[in-house]
A.B. asks: 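Below you will find the structure I want to go over with you.
Lettering follows sequence order; numbering is per chain, from 1.
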2 protein chains.
Amino acid sequence: MKDDVIAPEAPVITAKLNTLCFQILGVLLRQPRSGYEIVKQLEMVWPVKTSQIYPTLARLEKMGLVVSDDVEQQGRPNKRVYSVTRSGEKTLRDWVGTEPAPPVWRDEFLTMLYSAWTKDPQQVLAMFECRLKYLDDTMNMLRSRLAEHRATFPEELKNPRNWHFFRDILISRRLFNYEQELVWSQSVIYKLREFIDGERES
Amino acid sequence: MKDDVIAPEAPVITAKLNTLCFQILGVLLRQPRSGYEIVKQLEMVWPVKTSQIYPTLARLEKMGLVVSDDVEQQGRPNKRVYSVTRSGEKTLRDWVGTEPAPPVWRDEFLTMLYSAWTKDPQQVLAMFECRLKYLDDTMNMLRSRLAEHRATFPEELKNPRNWHFFRDILISRRLFNYEQELVWSQSVIYKLREFIDGERES
DNA sequence: GAATCCATGTAATTGGTTACATGATTCA
DNA sequence: TGAATCATGTAACCAATTACATGGATTC
C-alpha cells in the first residue's frame with residue numbers, strides 16, 4: 001500500500017497497453033500459466049494465436065507487469081509459467097472500471113445475410129439450418145461448462161470478490177446470447193418458409 | 001448468363017477479397033453511394049474509417065467489381081459515387097452461402113468484468129449502471145429505426161427477394177441482442193445488491 | 001503411419017486505427 | 001467564433017493472422 005511512496009518496486013516503463021494485455025493479466029491473476037495455456041484459456045473469450053501471445057508476454061515482462069519461471073516437465077516440453085507482479089495487479093485494477101470502448105462484433109454470417117436477397121429463399125433457409133447446428137453445438141458446450149462450474153464451486157460463485165462469480169456470469173451471458181440468437185433464427189426460418197409456401201401456390 | 005463463355009466483361013484480376021470488400025459490395029448493390037456515405041451506412045454494421053474505405057474502393061475498382069462516377073454538387077464538395085458491376089454482383093452472390101468464419105466479438109466491458117473481482121462490489125455496480133444507460137440509448141435508437149423502416153416499407157420487408165426483408169431482420173436481431181443483455185445485466189445487478197446488503201449486515 | 005497435443009518462437013503479410021492534410025458550408 | 005457536416009485522401013503505426021520452423025509424446 002505504501003509502494004508508491006517508499007519503494008517503487010518495478011522500473012515502470014510507461015507504454016500504452018491494449019485490451020489483450022489486460023486480458024492476459026486477468027488470466028494470469030486468476031492463476032499463473034504458460035503462453036500455450038493462456039491461448040487455450042482465451043479461445044472463447046478473446047481468441048489469440050501463439051504468434052501474438054509470446055511477443056506480448058515478453059513485452060509485459062519487460063514492463064515489469066509479469067514475471068516468468070521455467071518449469072521442467074517429464075514426458076512433455078518444458079514450459080515458461082508467467083505470473084502477475086504487484087505492479088501488474090495494480091495496473092489491471094486501475095484499468096477495470098474506466099470507460100470501455102464500444103463493443104464491436106464482426107460476424108461473417110450477418111454480412112452474408114446482408115446480401116442474401118440476391119439468393120434463392122431456399123438457399124437462405126439452408127444457410128440458417130447450418131447456423132442452427134452451429135448454435136446448438138456451442139450451446140451444449142456452454143451448458144456443460146456452466147453446470148460443471150456451478151457444481152464444483154457452489155459457494156465461490158455467489159461471492160463477487162471471488163473470480164468464480166465473474167466466470168459464472170460471463171459464461172451464462174454467452175449462453176443467453178446463443179439462446180436468443182436461436183430464437184431469432186427460428187423466427188426468420190418461419191418467415192422464409194411462409195414465403196416459400198406462398199410462392200409455390202401461385 | 002453467357003458472359004463467361006462469350007464476352008468476359010471485365011479483366012478479372014483474381015485476388016482474395018476480405019469480408020469488408022463483400023460488405024461494401026453489399027451496400028453498393030442496394031444503392032450506389034460515395035465512400036463517405038458507405039462509412040456512415042456501415043457505422044453500426046461493420047465500423048470502418050475513411051482511411052480504410054478509399055483505398056479499398058480503389059482496389060475494387062481496379063478489379064472491375066465496382067465503377068465510379070463523379071457527381072457535381074452545389075453547396076458541398078463533389079463526390080465520387082460507386083456502383084457494382086455485373087462481375088461484382090456475381091462475385092458477391094457466389095460468396096453468400098459459403099461457410100462463414102466463426103463470429104468474433106470483442107467487448108472491452110466484458111474484459112473488465114473478467115477481472116472485476118479485484119474491485120469493490122459497489123464499484124462493479126456502478127460499472128453496470130453505466131452499461132444500462134448505454135444499452136438503453138442504443139435500444140431506443142434501434143427501436144425508432146425499426147419502426148420507421150416497418151412503416152415505410154410494409155410490403156417489401158415481407159419478401160426475402162427484397163433487401164428490405166434482410167434489413168428488417170438484421171436490425172431486429174441487434175435489438176433482441178441488446179434486450180437480452182439488458183435482462184442479463186439486471187440479473188447481475190440483483191446478485192450484486194444481494195451480496196452488498198448481506199455484507200453490510202454482518 | 002498420420003494426426004493431434006504439448007510447447008515456444010520468428011517473419012511476412014493483411015487488417016484496422018490514429019494522425020495529418022485540405023477546404024467549403026451550415027448550425028449553435 | 002467555434003464546432004459539426006460533407007468530402008477525399010496519404011503516412012505511420014498498431015493489431016492480428018498466416019506461414020514457417022522445430023521436436024518429442026500420445027492417440028487413432
Side-chain angles (χ1 to χ4, degrees), chain A residues 14-24 27-28 32-43 45-63 66 68-82 100-108 111, chain B residues 14-24 27-28 32-43 45-63 66 68-82 100-108 111:
Chain A
T14 322
K16 276 168 206 164
L17 299 174
N18 56 29
T19 316
L20 175 61
C21 291
F22 292 111
Q23 187 62 69
I24 291 171
V27 171
L28 296 178
R33 286 180 194 276
S34 68
Y36 187 84
E37 288 165 341
I38 294 171
V39 171
K40 296 192 75 189
Q41 202 65 22
L42 290 183
E43 202 190 340
V45 180
W46 190 286
V48 68
K49 303 283 153 79
T50 54
S51 50
Q52 201 184 1
I53 207 84
Y54 292 114
T56 307
L57 282 169
R59 228 181 88 218
L60 290 173
E61 190 165 30
K62 223 186 285 174
M63 287 192 276
V66 300
S68 65
D69 188 32
D70 285 317
V71 175
E72 283 180 40
Q73 296 184 120
Q74 66 271 50
R76 330 179 148 183
N78 297 342
K79 60 181 176 178
R80 182 168 295 168
V81 172
Y82 290 84
V104 175
W105 52 81
R106 297 199 150 122
D107 191 336
E108 223 174 66
T111 300
Chain B
T14 322
K16 277 168 203 162
L17 300 173
N18 55 29
T19 316
L20 175 60
C21 291
F22 293 110
Q23 186 63 69
I24 291 170
V27 171
L28 295 179
R33 286 180 194 277
S34 68
Y36 188 84
E37 287 164 341
I38 295 171
V39 171
K40 295 191 76 187
Q41 203 65 22
L42 290 183
E43 201 190 340
V45 180
W46 190 286
V48 68
K49 302 284 152 76
T50 54
S51 52
Q52 201 184 359
I53 207 83
Y54 292 115
T56 306
L57 283 168
R59 229 182 86 217
L60 289 173
E61 190 164 31
K62 222 185 289 173
M63 287 191 276
V66 300
S68 65
D69 187 33
D70 283 317
V71 175
E72 282 180 42
Q73 296 185 118
Q74 67 270 51
R76 327 179 152 183
N78 297 342
K79 60 181 177 179
R80 181 168 298 169
V81 172
Y82 290 85
V104 174
W105 53 81
R106 295 200 151 121
D107 191 336
E108 222 172 68
T111 300

A.B. asks: May I ask you to list the residues of residues 69-76 of chain A, by number, that have any heavy atom positioned under 4.0 Å from an atom of DNA chain D?
C.D. replies: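 Residues of residues 69-76 of chain A that come under 4.0 Å of DNA chain D are, in numerical order, Gly75(A).
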
A.B. asks: What is the minimum heavy-atom distance between Trp46(A) and Asp107(B), and which atoms define it?
C.D. replies: CZ3-N, 4.2 Å

A.B. asks: So which of Ile53(B), Val48(B), Val66(B) actually passes side-chain contact (heavy atoms from CB on, under 4.5 Å) with Ile24(B)?
C.D. replies: Ile53(B)

A.B. asks: Starting at CG of Leu57(B) and ending at C1' of dA7(D), how long is that distance when rounded to a whole Å?
C.D. replies: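 Whole-Å distance recorded here is 13 Å.
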
A.B. asks: Who pairs with Arg59(B) by salt bridge (Lys or Arg N to Asp or Glu O under 4.0 Å), at least two apart in sequence or on another chain?
C.D. replies: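 Once residues adjacent in sequence are excluded, Arg59(B) has no partner under the salt bridge (Lys or Arg N to Asp or Glu O under 4.0 Å) criterion.
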
A.B. asks: Under 4.0 Å between a side-chain N/O of Lys40(B) and OP1 or OP2 of dC6(D), yes or no?
C.D. replies: yes

A.B. asks: Could you give the distance from CG (Leu20(B)) to OG1 (Thr111(A)), rounded to the nearest 0.5 Å?
C.D. replies: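 Rounded to the nearest 0.5 Å, the CG-OG1 separation comes to 9.0 Å.
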
A.B. asks: Please round to the nearest 0.5 Å and tell me the distance separating atom CE of Met63(B) and atom CG of Leu17(B).
C.D. replies: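 Rounded to the nearest 0.5 Å, the CE-CG separation comes to 4.5 Å.
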
A.B. asks: Do the side chains of Asn18(B) and Thr56(B) get nearer than 4.5 Å, heavy atoms only?
C.D. replies: no

A.B. asks: Provide a list of protein-nucleic acid N or O atom pairs under 3.5 angstrom, restricted to nucleotides 8-15 of chain C.
C.D. replies:
| unit_1 | atom_1 | unit_2 | atom_2 | d |
| --- | --- | --- | --- | --- |
| dT8(C) | OP1 | Arg80(A) | N | 2.8 |
| dT8(C) | OP2 | Tyr36(A) | N | 3.1 |
| dT8(C) | OP2 | Tyr54(A) | OH | 2.8 |
| dT8(C) | O5' | Tyr54(A) | OH | 3.4 |
| dG15(C) | OP1 | Asn18(B) | ND2 | 3.1 |
| dG15(C) | OP2 | Asn18(B) | ND2 | 3.3 |

A.B. asks: Roughly, in whole Å, what's the span from CD in Glu43(B) to P in dT17(C)?
C.D. replies: 13 Å

A.B. asks: What does the inter-axis angle of the helix from dG1(C)-dC28(D) to dA28(C)-dT1(D) come out as, five pairs per end, nearest 10 degrees?
C.D. replies: 50°

A.B. asks: Can you tell me how far P of dC13(D) sits from NZ of Lys49(B), to the nearest Å?
C.D. replies: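 These atoms are roughly 18 Å apart.
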
A.B. asks: Please check if the side chain of Glu61(A) supplies one atom and the backbone of Ser68(A) the other of a donor-acceptor pair under 3.5 Å.
C.D. replies: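 Yes; at least one donor-acceptor contact below 3.5 Å.
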
A.B. asks: Taking distance alone, no hydrogens or angles, what donor-acceptor pairs closer than 3.5 Å link side-chain atoms of residues 33-40 of chain A to residues at least two apart or in another chain?
C.D. replies:
| unit_1 | atom_1 | unit_2 | atom_2 | d |
| --- | --- | --- | --- | --- |
| Ser34(A) | OG | Glu37(A) | N | 3.3 |
| Ser34(A) | OG | Glu37(A) | OE1 | 3.4 |
| Glu37(A) | OE1 | Ser34(A) | N | 2.8 |
| Glu37(A) | OE2 | Lys79(A) | NZ | 2.8 |

A.B. asks: Of Leu28(B), Asp70(B), Val71(B), which meets side-chain contact (heavy atoms from CB on, under 4.5 Å) against Val81(B)?
C.D. replies: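 In the set Leu28(B), Asp70(B), Val71(B), the residue that makes a side-chain contact (heavy atoms from CB on, under 4.5 Å) with Val81(B) is Val71(B).
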
A.B. asks: Any side-chain heavy-atom pair from Val104(A) and Pro47(B) closer than 4.5 angstrom?
C.D. replies: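 SC-SC contact between Val104(A) and Pro47(B) confirmed.
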
A.B. asks: Just do the side-chain contact (heavy atoms from CB on, under 4.5 Å) check on Thr19(B) and Arg106(A) with the steps written out, would you?
C.D. replies: CA-CA 9 Å; Thr19(B) 316; Arg106(A) 297 199 150 122; over 6 Å; no

A.B. asks: Round to a whole Å and report the spacing from CZ of Arg33(A) to P of dA7(C).
C.D. replies: 12 Å

A.B. asks: Send over the distance from Leu20(B) CG to dA15(D) P, rounded to a whole Å.
C.D. replies: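 The distance from CG of Leu20(B) to P of dA15(D) comes to 20 Å, rounded to the nearest Å.
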
A.B. asks: Quick one: which protein N/O atoms are closer than 3.5 Å to N/O atoms of nucleotides 22-24 of chain D? Pair and distance per line, please.
C.D. replies:
none

A.B. asks: Which heavy-atom pair separates Val27(A) from Gln41(A) by the least distance, and what is that distance?
C.D. replies: CG1-CG, 4.0 Å

A.B. asks: Counting neighbours of CD on Glu72(A) that are heavy atoms of other residues, nucleotides or ligands and sit closer than 6.0 Å, is the number greater than 12?
C.D. replies: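 Incorrect, the count does not exceed 12.
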
